[in-house]
2 protein chains.
Amino acid sequence: MADLNNLISPFFLNEKEIRKVLELFFFSYRDFTSGPDKILEKLKFGRAHHRVIYFVGKKNNITIKELLIVLKITKQSLSRVLNQLVEEGYIIVSSGLDKRTKSLSLTEKGGKLELELSTIQVKKIKKVLNNFSEENINGFKKILYEMIDINNKKIFEQLND
Amino acid sequence: MADLNNLISPFFLNEKEIRKVLELFFFSYRDFTSGPDKILEKLKFGRAHHRVIYFVGKKNNITIKELLIVLKITKQSLSRVLNQLVEEGYIIVSSGLDKRTKSLSLTEKGGKLELELSTIQVKKIKKVLNNFSEENINGFKKILYEMIDINNKKIFEQLND
DNA sequence: TATTTAGGTCAGCCATATTGACTTAATTAT
DNA sequence: ATAATTAAGTCAATATGGCTGACCTAAATA
């Protein structure tokens, strides 16, 4: 039986074109993350460390729980990576007002690394987006946003309050 | 010293907005890949199996070497995953014209799984893109394409010849 | 005939994630 | 005041998906 969805789709939304989008997403994301990897490797860190540093830098005084919600990993997974970052002086831990919680921040060393890693990705995106119209850029951001699951959209918003 | 790049950037390309793009990319890609994971789990497969099935489905009679170039992993890594897929009847191997090479194709069972997995992602993308203009969609695809490293652009093109 | 290429295999290692069980200390609810 | 909940930590075992290095075979090419 013919797929009605295909019959009513314009050419730029047909199966073949959508599959190209799948592939573009795969290839572009892989290359997008490959830049920082080289720097991380020298420090014997991985992408997991990068994510922690990024989100601690983004939201100063973030708690363990908040970080876990953003990263969507278990506390056991976070623990290994976070302990390394604390031991090596990239992140500093203090107690929150609620003394059950911990408050995480980047040290100066951590801030420098965060900037170094992010700059690679920021520059890459800037270089690409420079050649597109404001309309295209806003469209790009909206499409990415709409691809986020409903619950995670809130998490993204809260990060950018 | 002030960053000249920032001074000449329009507001939609300032540091803060670019960092939002980083995060959008992270969140959207994570949710984009999460759909198939549930199905794969039942079969005791992972994302690596999905990728192999996807690209074998995409390019029938692909060789091991070609697959390695697309996936950018070592043959030792591919071997474990591929052998499982062959043993369990998802992929069939035959000899190429050049008898050193092997030619990989999906079996009927493999084709069914490929469709099941891809359909989840295709539907998601279709649903999102349906609410955007052709101009926005083409912009989206071009931006993703431009984020791919130069060498890998060729690989993407060859897949879609 | 020598070299290169495609593919395979064994072994060991590392990073990142998981589940489950259990603990401590602090805050909230009853 | 006590009970329940919450935030965080820890120990142990397991899975997945990568990696390097060393070697091997068979076929194609120089």
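Lettering follows sequence order; numbering is per chain, from 1. If you're wondering where the values come from, they're calculated on a predicted model, not measured in any experiment.
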Rounded to the nearest 0.5 Å, what separates atom NE2 in B:H49 from atom CD in B:E88? 7.5 Å

Please check if the distance between the ring centroids of B:F32 and A:F25 is under 6.0 Å. yes

With a 4.0 Å cut-off on N to O distance, would you call B:K20 and B:E23 a salt bridge? no

Rounded to whole Å, CD1 of A:I69 lies from C1' of D:dT6 at a distance of 12 Å

Are the aromatic ring centres of A:F45 and A:Y90 under 6.0 angstrom apart? yes

Where do B:I143 and A:N136 come nearest, in terms of heavy atoms and distance? CD1-O, 3.9 Å

Protein-nucleotides 28-30 of chain D N/O pairs under 3.5 Å:
residue, atom, partner, partner atom, Å
D:dA28, OP1, B:K99, N, 3.1
D:dA28, O4', B:R100, NE, 3.4

Summarise how protein sits on nucleotides 15-20 of chain D as a single string, 5' to 3': B when a protein heavy atom is under 4.0 Å from the base, S for sugar-phosphate-only contact, - for no contact. -SBBBB

Does A:K124 pair with B:D149 as a salt bridge, N-O distance under 4.0 Å? yes

Please determine if a side-chain N or O atom of A:K65 lies less than 4.0 Å away from the OP1 or OP2 oxygen of D:dA7. yes

5'-most to 3'-most nt of DNA chain C touching chain A (<4.0 Å, heavy-atom partner on protein side) reads C:dT16 to C:dT27

B:E114 bridged to A:R19 by N-O distance under 4.0 Å: yes

Does B:F26 have its ring centroid less than 6.0 Å away from the ring centroid of A:Y54? no

How long is the gap from CZ on A:F55 to CD1 on A:I69, to the nearest 0.5 Å? 13.0 Å

Parallel, tilted or perpendicular, judged at 30° and 60°: which one describes the rings of A:F27 and B:F156? perpendicular

